[in-house]
Amino acid sequence: MPPMGPPNRHDKNFSKKQKPKNTKAVAKRLLSYLREERYKIAVSVFCVLLSSLSTLCGSYLLRPIINGLTDSSKSAEQKITGLFIGLLVMAAVFFVGVAATYIQSRIMIGVSQGTLRRIRAHLFEKVQKLPVRYFDQNSTGDIMSRFTNDVDIIGEMLNSTLVQIFSGTMTLVGTLALMLYTNWILALVTIIFAPVTAKVGAMIAGRSRKYFIKQQTALGKVNGYIEETVTGQKVVKVFNHEKKIVDNFSKLNEDLRSVQTKAQFIGGIMGPCMNALSQVNYTLTACVGSVITFISRWGGGVPFAALDIGGLTVFVNFSRQFSRPINELAQQLTNIMSALAGAERVFDVMDQLPEKDEGKKLRLENIKGDVLVENVTFGYTPDKTILKDVSIFAHPGQKIALVGSTGAGKTTITNLITRFYDINKGKITIDGIDIKDISIECLRENIAMVLQDTHLFTGTIMENIRYGRLDATDAEVRQAAMTSCAHMFIKNMPDGYNTMLRGDGANLSQGQRQLLNIARAALSKAPILVLDEATSSVDTRTEKQINEGMDALMENRTTFVIAHRLSTIRNADAIMVLEGGEIIERGNHDDLLELKGRYYELYTGLKELD
């Protein structure tokens, strides 16, 4: 895009976040994607509940086993028999827990992948509806980061974090109930200490959130820079800018390292802090429990709180279990914050305003191609006007050429006709109907474009040409290739029209890629044709052949041609000379030469195009 085109996507005015962060809203919206999986989730929750109960019951079964072994009234044979039976029961209980965990894991993997599929589908669908302006303001790499890094981190949370949170909660509640049942005094000790653990975890999680958001943003910038640099590698090398881009990347990479270090450090200290507090609680519980057990057995008992050796063993184990789910819940908070930061970036794209289509109910049949641009004023940004009260008309079948210096507004006019951007003032009509009242789909299917920058998709040559009209037959595709002079080189390819193209047609020359681009437009039956430097990437001999084919292509089509090679537009019905967003000269080739003005200077070489 020329200097006076759309605003640069790296402009600081477009890099600022416009919306405040809302954790609750993002979490609620993310959970809404799980509604379709609610029955599977219900089964998974039941399995988690069963697994948690089996773990708690299995742990509590140690009490009768240990008490049986320490009971002096039983014989050795009775103790061994009791131990064997107790171990069998414990094994059965734990087997049920393992089976439930396996089923729950299989179900949640399906749930998470299904949810991610819907999120990716909605995100991709929304991207297709975004206006061109959005892609001018945001790097491709950053947009791709939403599909990869951000969606992946959401998947990690859905796959394991939510289950662990529910499991931890169930374990916590069940453990607390059994602790109260075993000995309420020791339970109070643990309960009183629990808020300290929870408070520390909440403080660490609160600090980690902002760093995880910065981490995701910095990661998007790094990916965007890598994508742009790899795509433009030829430009980098031809200008010897390898060192400069490495320096720039080092700065972005250092920023990412800095925020990642802070995020991972804050998240990483969660575990050690929780474990340290857990050990303190464990030690305190063991000391108090030992005193109660001693008094209960040899000191006459403790009113309302008797405790046997088996009960002490089980309670100490419960005390450790009670701290474990708290630790896990605290640790999962960092994963949740990271996932919510990623979800927020995904939803930010989804919340972008789509292309306006006021005329979505109006479709036109048999468009003739009578185009009128009337008193149009436009600027990509409010503070910079590109076109100033421009008026152009083109009758059906006419060829209109737009010439002028770079940034004069030539490409902008075609962007407005196709409604890639909406005008600020004035009106554009096709066959007398305002294009704002025409469905965007209907409008664009009646306009074929050949851009200076070609783009080919992964697929065969046949499929790439057919992109111009998906219902075209093979014979029509070949005819379009002949019209654009692409047939000759195609038939010499290894597999002809079935030759696979990858990497944007990396195995073709720039001229061959452009020929396919022209063939794609030739295949379209659109009555309006836009050629933006369509022959800029082919040699003079090939250009002559193409122009002969293009004459047939442009017959009975309204054509707008943007060209730096003025020799290619001599036969245009009208030539518009633009400077500074205004039309300073208009007329056919001969009329403009007689004026001896700007066009005369450009054509005779007295003044070159910028």
Subject >> Flag for E374-T429: side-chain donor and acceptor within less than 3.5 Å >> reply: no

Subject >> D142/R345 ion pair, N-O < 4.0 Å >> reply: yes

**OP:** Answer yes or no: are there more than 12 heavy-atom neighbours, outside N366 itself, under 6.0 Å from its atom CG?
**Re:** no

**OP:** Look at atom CZ of F457 and say whether more than 12 heavy atoms of other residues, nucleotides or ligands are closer to it than 6.0 Å.
**Re:** yes

Original post:
Is it true that R444 and E355 make a salt bridge, defined as a side-chain N closer than 4.0 Å to a carboxylate O?
Top reply: yes

Original post:
E579 side chain to A408 main-chain N or O, any donor-acceptor pair under 3.5 Å?
Top reply: no

Subject >> Short side-chain to backbone donor-acceptor contact, E582 and L578, under 3.5 Å >> reply: no

Subject >> Exam field: side chain D434 to backbone D437, donor-acceptor pair closer than 3.5 Å >> reply: no

**OP:** Compute whether any side-chain donor of one residue and acceptor of the other, for N375 and K427, lie under 3.5 angstrom apart.
**Re:** no

Original post:
What about H122 and F124, are their ring centers closer than 6.0 Å?
Top reply: no

Original post:
Do you see a donor-acceptor pair shorter than 3.5 Å between the side chains of R598 and S405?
Top reply: yes

Original post:
In terms of heavy-atom contacts, does NZ of K126 have more than 12 from other residues, nucleotides or ligands at under 6.0 Å?
Top reply: yes

**OP:** Check whether the side chains of D152 and N149 place a donor and an acceptor atom closer than 3.5 Å, and report yes or no.
**Re:** no

Original post:
Just wondering, are more than 12 heavy atoms of other shown residues or ligands nearer than 6.0 Å to CD in E441?
Top reply: no

Original post:
Have T412 and Y421 got a donor and an acceptor in their side chains that come within less than 3.5 Å?
Top reply: no

